[in-house]
Protein chains: 2
Amino acid sequence: MELQYLDALKALAEPHRLRLCWLLIHVDQKVTVAEAMDVIGETQYNVSRNLKMLFKAGLLDQEKNGKWVYYTLAEQTEKHWLLLVDSIRQLPKNQFESVAGRCKLRLGMRVNGECVIGPNSDDWIKLVEG
Amino acid sequence: MELQYLDALKALAEPHRLRLCWLLIHVDQKVTVAEAMDVIGETQYNVSRNLKMLFKAGLLDQEKNGKWVYYTLAEQTEKHWLLLVDSIRQLPKNQFESVAGRCKLRLGMRVNGECVIGPNSDDWIKLVEG
DNA sequence: ATTACATATGCATAAATGCGCAAGTGTGAT
DNA sequence: ATCACACTTGCGCATTTATGCATATGTAAT
């Protein structure tokens with residue numbers, strides 16, 4: 001009975017994962033675990049696990065590049081999946097404004113479009129708190 | 001953080017409730033707990049509780065009429081809610097075909113558009129098994 | 001009032017889930 | 001080979017969630 005779709009609903013029915021998915025939808029770019037950690041502000045294992053759950057549920061794609069793992073929004077082809085993703089896309093932005101801002105900041109630290117700085121770096125902390 | 005929407009996702013992330021919600025979306029009519037029981041084939045407490053959860057999550061409306069309680073699909077006004085409901089509406093029908101068929105049968109037992117026969121009645125069992 | 005019936009709801013148990021910790025894998029650089 | 005670092009994963013614990021039973025609520029009819 002559409003097990004994969006149920007997994008997606010389950011995955012999204014958790015605030016941290018909903019925020020992560022919202023992020024991936026709105027950034028419209030690949031994002032590493034390290035970047036997601038800094039943006040969301042949660043521990044490494046949680047971000048890693050939650051991203052992986054979204055991946056296993058079919059909502060995200062995974063791509064390894066050296067020691068970095070990039071996650072991107074998965075392309076959907078079926079109507080009910082497209083609508084589900086659209087639903088999240090349309091969530092009121094004000095709920096996530098700070099997330100979007102922090103993500104812009106974090107992606108600004110990239111070099112040639114690639115992530116080169118790990119999580120919780122001094123550079124990042126200065127950038128955010130300063 | 002869109003608590004109500006999270007509740008809706010949580011409510012839908014359970015096979016029985018997803019089926020119930022799908023039913024209410026596709027029947028496009030009010031349905032009693034008794035009718036839902038017969039159609040879905042689950043115990044009274046589960047159907048009652050699960051319908052109530054969908055109601056509390058804002059996906060269904062409730063309407064009492066004598067000793068019967070009718071549930072209907074709630075009208076949504078916000079984009080992300082509309083898309084979420086649409087997503088469920090677009091789920092492949094074949095997964096729920098038997099549900100749809102049983103529901104048509106069950107609604108055929110109504111008198112003047114109202115439910116008059118309780119759950120697990122002999123009439124219903126004959127109708128389904130015969 | 002009493003009965004019958006549709007629906008709702010505590011309570012207890014069992015299963016699933018989230019989280020922190022610690023240890024693991026894999027990759028790139030020295 | 002060794003080290004540093006990004007990421008993953010198994011384990012134990014606390015919390016949540018689902019389920020079954022029994023009981024409660026509310027309504028209609030006698």
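Residue numbering restarts at 1 for every chain, and letters A, B, ... go by the order of the sequence lines. None of the values given here were measured: they were computed from a predicted structure.
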ask   = Is there a donor on the side chain of A:Arg17 or the base of C:dG18 sitting less than 3.5 Å from an acceptor on the other?
value = no
query = Over how many whole Å does the gap from B:Asn120 atom CG to C:dT7 atom P extend?
reply = 12 Å
key: A:Thr32 side chain near A:Tyr70 side chain, heavy-atom distance below 4.5 Å   = yes
note = One should read off an interatomic distance between A:Leu54 CG and A:Leu60 CG, to the nearest 0.5 angstrom, of 5.0 Å
ask   = Is atom CG of B:Asp122 surrounded by more than 12 heavy atoms (other residues, nucleotides or ligands) closer than 6.0 Å?
value = no
note = note: B:Leu51, atom CG; D:dA18, atom P; distance rounded to Å ~ 14 Å
message = Looking at D:dA6, I'd like to know if its phosphate oxygens (OP1 or OP2) sit under 4.0 Å from a side-chain N or O belonging to A:Ser48.
response = no
request  = With rounding to the nearest 0.5 Å, note down the distance linking CD in B:Gln4 to CD in B:Glu78.
outcome  = 10.0 Å
inquiry  = Please confirm whether the shortest side-chain N or O distance from B:Gln62 to OP1 or OP2 of C:dT7 is below 4.0 Å.
reply    = no
request  = Could you check whether B:Glu35 gets within reach of a base, just the sugar-phosphate, or nothing at all, counting any heavy atom under 4.0 Å?
outcome  = nothing
ask   = With respect to the side chain of A:Val33, which nucleotide from C:dC19, D:dC7, D:dT19 is positioned closest?
value = D:dC7
key: Between P of D:dT17 and CG of B:Leu54, the distance in whole Å   = 15 Å
ask   = From the list D:dT9, D:dC7, C:dG20, which nucleotide is the closest neighbour of the side chain of A:Lys52?
value = D:dT9
request  = Just compare D:dG26, C:dT27, C:dT9 and give me whichever is closest to any side-chain atom of B:Tyr45.
outcome  = C:dT9
query = Hey, which of these two, A:Thr43 or B:Pro119, hits DNA chain C nearer its 5' end, going by closest nucleotide?
reply = B:Pro119
ask   = For B:Glu14 and D:dT17, what is the distance between atoms CD and C1' respectively, to the nearest whole Å?
value = 10 Å
Nucleotide D:dA28, atom P - distance to NZ of B:Lys64 in whole Å = 9 Å
B:Arg49 CZ - D:dT25 C1' separation (whole Å) = 16 Å
Side chain of A:Lys67 (C-beta onward), nearest among C:dT7, C:dT27, D:dC7 = C:dT27
request  = Describe, in one word, how the ring planes of B:Trp22 and B:Phe96 are oriented to each other, choosing from parallel (under 30°), tilted (30 to 60°) and perpendicular (over 60°).
outcome  = parallel
query = Closer than 4.0 Å, any side-chain N/O of B:Asn46 to the OP1 or OP2 of D:dG20?
reply = yes
query = In whole angstrom, what separates A:Tyr71's OH from D:dC7's P?
reply = 9 Å
task = Report which part of the nucleic acid B:Met37 touches: base, sugar-phosphate, or nothing (heavy-atom distance under 4.0 Å, all strands).
result = nothing
message = Expressed as a whole number of angstroms, how long is the span from A:Lys10:NZ to C:dA15:C1'?
response = 12 Å
request  = Kindly say whether, by distance alone, the side chain of B:Gln44 makes a donor-acceptor pair under 3.5 Å with the base of C:dA8?
outcome  = yes
